[in-house]
Participant: 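Got a structure for you, written out below as structure tokens; questions coming shortly.
In listed order, ligands and their atoms are each counted from 1.
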Amino acid sequence: MGEAERGEAAPRRRLPFWCAHGHETRIAFADEADVPELWDCPRCGLPAGQDQTNPPPAPRNEPYKTHLAYVRERRTDADGDALLEEALTRLRARRGA
Ligand SMILES: [Zn+2]
């Protein structure tokens, strides 16, 4: 409502994202922007999420993760996996891939 809002840049939030390697990335979003659940870590390329204690799992082609580890992860984290897939699909759609 204040006059300050007029003629100024849209209000922004800086939101942190963490990848599985613990890299923190802060991304600025306009207040009205649709914040993605995942962001590609600029340092290592892994997907990064907003929950520092539970970063998104590395993609299945990561060399250091064994197949068994991935299967285990899927079993215990099926819901998170579905959310991840959904978020990735939305991200890809937004990028027009
Ligand atoms: Zn990273």
Participant: Would you indicate whether the side-chain heavy atoms of F17 and V35 approach each other to under 4.5 Å?
Facilitator: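 Yes; the side chains approach each other to less than 4.5 Å.
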Participant: Is R13 paired with D31 through a side-chain N to carboxylate O contact shorter than 4.0 Å?
Facilitator: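 So D31 pairs with R13 through a salt bridge.
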Participant: Taking the side chain as every heavy atom from C-beta outward, state whether T25 and P16 have any pair of such atoms under 4.5 Å apart.
Facilitator: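 A side-chain contact is absent here, since even the closest heavy-atom pair is not under 4.5 Å.
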Participant: Suppose the cut-off is 2.8 Å; which protein N/O/S atoms would you list for the Zn ion (ligand 1)?
Facilitator: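 Protein N, O or S atoms closer than 2.8 Å to the Zn ion (ligand 1): C19 SG, H23 ND1, C41 SG, C44 SG.
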Participant: To the nearest 0.5 angstrom, please state how far the CG atom of L38 sits from the CG atom of L46.
Facilitator: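 Interatomic distance, L38 CG to L46 CG, rounded to 0.5 Å: 11.0 Å.
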Participant: Just say parallel, tilted or perpendicular for the rings of W39 and F29, cut-offs at 30° and 60°.
Facilitator: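 The arrangement is perpendicular - the two ring planes meet at more than 60°.
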Participant: Between the side chains of D34 and R90, is the shortest nitrogen-to-carboxylate-oxygen separation below 4.0 Å, so that they form an ion pair?
Facilitator: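 A salt bridge is absent here (no side-chain N lies under 4.0 Å from a carboxylate O).
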